[in-house]
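Encoded as structure tokens, the structure appears first; notes follow it.
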Amino acid sequence: MDDRIAPPLLGVKEDTKARRSRPSRASAPLFVGAALLAVCVGCFGSTSRDADARPRERVDATDGPRPHESYSYEDVLRRLKDDDSVVPARPPVHEFHTVYNREAVIPPMCYTRTEGKYNPCYVCHQSTVRGRPNAMDDVALQQVYSFSDVGLENHWRNLFEDRSARVAGISDEEILEWVAEDNYSDLADRLREHGFGGYVPDLENLHRAADAFDDEGFALDGSHWVAFNYKPMPSTFWPTNGATDDVMIRLPAPFRETAEGEYSRDVYKANLALVEATIKGLDTITVAGVDEAAVGADLDGDGRLGRVDRITRTDAYVGAASKVARQPWLYPAKTEFLHSVRYVGVEEDGSIYNPPRMKELRYMRKQWATSEPQLFEAYEQEKHDKYVGNLPGYLDRGDHGLDNEMGWILLGFIENHRGRLRVANYEETLFCMGCHTSIGSTIDSTFSFARKVDGAPGWGYVDLRGMPDAPTKGETRGEIATYLERAGGGGEFRSNPEMESRWFEAPGSVDVDAVAAARDVYSLITPSRERALEMNKAYRVIVEDQDFVFGRDPTVSPPKNVYDVVDIETAPVLPPERAYEWDIRLDWGRADVSKSADRRSDAGDELSLR
């Protein structure tokens, strides 16, 4: 990632008589400069320094249709179906003009029929938590479909496609072979050969999942990526709904080095724990045996330097990062996340695992430090702009990805029509931006790290075996049990018959005893062999069509509980008693995490998700 990327400026927005908007991130004095910049590069033009951002020849209106009027998303889709390159050719106009769904930031699950009683929305839309910089405060969206005029139509057309015949045409053997193939390892070389200027994946053997890391989560290749064990967000990343995944974090070099500039695993472990405490608001946190002498700090406050298993002084980073300001609830600048979204692997005995084949590889980098006042202003601007009539628009940083203007840049890789990973285009990346920008439940625009198993037990590759159904902070019942009850089904769409048969006594009525008797998170949210293969086949069809702009949900037949068009005059409103306060963090202290490792060992390979 090029550290010289210019910071975001206040963008020019399009008045659409719609309610949704994109926030402005910079302070008012930058307005004039930004406006002039927009005039120079064209509204919504890229501010990237990449060659792709060079000015294009203007076409006078009297000479016929302008380029953006004669090139559409349909042309983009046609090209993708035949394009084998790792970086798809950009259209002859700015990609903004080829967007099919201007409200792609509204994900498919937001069109679920709540019927005035079911609420899967609470895990995203939340009130502001006192002290946190996330001031989105969008809890009201749990109760109403508050969409722009454009957003009232459900553009996720793939939800309404019946793929049953095409799925039936794919044999089990064919899909098992497909899922077992490695489509990651050649990605870096292909990107370098192309001269790609953005992030090039640098974690060797990631396709091997847990085998790419040691027991503490450190990548074996020395790339400094560290895997952590976390509880998937309710429904969206449950394997029973179509995908397995993992997430890795990497802190910048000063957080890995001593004050003298030498690499130190002790320093890195201490700073990883301190960042975790910062994001979770913890005053103390466990670590796996850190040498305070190597770190150069008394981490447990006992007045001497020894080997410690707990940090009680969490107010400052250590080593070469000791002078980096610690901002509560915020990551340090240059923090990176790598997230692989995979097919659902199925062993011969039916157990579920993370297979080699990836559907997507997602990358986030906190390019700029942000302060609480800056973020407060950004969220306030977001809320204000929703009501003055602007549709979303994001700064295109060229090869580096899209800028959420809250400090983060997002870049994605997705399968091409042959199943090889390629760079995701503008609209395919736009799909990710709403969730990582403008919802109330995130902490510094992220999800998974706040859901990591606390402290030392949470370092290591994701493993749902033996993981207890810990409640969310402020609640006492298991989070999954609570979600099933509130959502009225095994996912946002209430269209998972297998989950309903396992965990419900009747439609919308959870079998509390069955859920309570479940061994662990693995047994609660992983699918049968039959369902896993079916979802893999359904997604394989979407890959063949390359129409991700119409949706990525691996449905075989159209779900019944989804609106194709929302009529705000007739759509039921959830009553206040069915809106819920919810914290993305988990109360692992109410779950017996200490026994999790024992249960994983007892479970053996039959419960492996790795």
Side-chain angles (χ1 to χ4, degrees), residues 118-120 122-124 126 228-247 280 344 351-354 441 447-455 457-458 460-492 494 496 498-505 508-528 531 580-604 606-610:
Y118 301 120
N119 183 1
Y122 72 94
V123 298
C124 289
Q126 276 301 316
F228 54 91
N229 195 17
Y230 59 96
K231 191 179 184 185
M233 279 288 287
S235 181
T236 303
F237 288 103
W238 288 355
T240 186
N241 289 320
T244 59
D245 71 332
D246 53 29
V247 185
K280 294 181 176 180
V344 182
S351 59
I352 302 302
Y353 73 103
N354 286 13
S441 68
F447 295 87
S448 59
F449 197 61
R451 300 176 59 77
K452 173 188 171 292
V453 174
D454 287 345
Y461 193 76
V462 62
D463 189 352
L464 306 184
R465 295 174 299 135
M467 181 184 288
D469 183 19
T472 190
K473 289 279 189 180
E475 299 184 358
T476 57
R477 294 181 57 200
E479 181 190 51
I480 295 173
T482 301
Y483 179 85
L484 295 175
E485 181 177 84
R486 293 174 179 176
E492 297 99 338
R494 302 198 314 281
N496 186 328
E498 187 169 272
M499 287 289 283
E500 292 165 11
S501 66
R502 286 178 177 178
W503 311 121
F504 289 79
E505 295 177 322
S509 178
V510 177
D511 186 339
V512 178
D513 292 336
V515 174
R519 182 185 184 96
D520 49 22
V521 169
Y522 175 97
S523 58
L524 281 168
I525 64 172
T526 53
S528 66
R531 179 168 172 81
Y580 308 102
E581 297 290 331
W582 183 80
D583 194 324
I584 194 171
R585 302 171 303 161
L586 294 153
D587 192 347
W588 294 104
R590 286 186 176 272
D592 197 350
V593 182
S594 64
K595 294 183 179 179
S596 296
D598 294 336
R599 286 200 295 268
R600 286 199 300 270
S601 297
D602 294 342
E606 66 177 351
L607 290 181
S608 176
L609 181 65
R610 52 190 175 148

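As the structure is a computational prediction, the values presented were derived from the model and not from experiment. Along the sequence shown, residues carry numbers from 1.
Taking Glu581 as the reference, nothing meets the salt bridge (charged side-chain N to carboxylate O under 4.0 Å, His left out) condition, with sequence neighbours excluded. Take Lys280 and apply the salt bridge (charged side-chain N to carboxylate O under 4.0 Å, His left out) test, not counting sequence neighbours, and it matches Glu276, Asp454. Considering only residues two or more places apart in sequence or on other chains, Tyr580 meets the ring pair (Phe, Tyr, Trp, His ring centres under 6.0 Å) condition with Tyr122. With sequence neighbours excluded, no residue forms a side chain to side chain contact (heavy atoms under 4.5 Å, CB included) with Ala516. Residues passing the side-chain hydrogen bond (donor to acceptor under 3.5 Å, both in side chains) test with Gln126: none are found, sequence neighbours excluded. Taking Arg531 as the reference, nothing meets the salt bridge (charged side-chain N to carboxylate O under 4.0 Å, His left out) condition, with sequence neighbours excluded. The side-chain hydrogen bond (donor to acceptor under 3.5 Å, both in side chains) test applied to Asp245 returns Tyr230, His339, not counting sequence neighbours. Qualifying side-chain hydrogen bond (donor to acceptor under 3.5 Å, both in side chains) partners for Ser441, counting only residues two or more places apart in sequence or in other chains: none. Looking at residues two or more places apart in sequence or on another chain, you find a side-chain hydrogen bond (donor to acceptor under 3.5 Å, both in side chains) between Thr240 and Asn496.
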Below 3.5 Å, can you tabulate the donor-acceptor pairs from side chains in residues 474-481 to any protein atom, sequence neighbours excluded?
| unit_1 | atom_1 | unit_2 | atom_2 | d |
| --- | --- | --- | --- | --- |
| Glu475 | OE2 | Arg486 | NH1 | 3.3 |
| Glu475 | OE2 | Arg486 | NH2 | 3.2 |
| Arg477 | NH1 | Glu485 | OE1 | 3.0 |
| Arg477 | NH1 | Glu485 | OE2 | 3.4 |
| Glu479 | OE1 | Lys231 | NZ | 3.4 |
| Glu479 | OE1 | Arg451 | NH2 | 2.7 |
| Glu479 | OE2 | Arg451 | NH1 | 3.0 |
| Glu479 | OE2 | Arg451 | NH2 | 3.3 |

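Rounded to the nearest 0.5 angstrom, Tyr483 OH and Glu492 CD are separated by 4.0 Å. Between atom OG1 of residue Thr482 and atom CG of residue Asp469 there is a gap of 7.5 Å, rounded to the nearest 0.5 Å.
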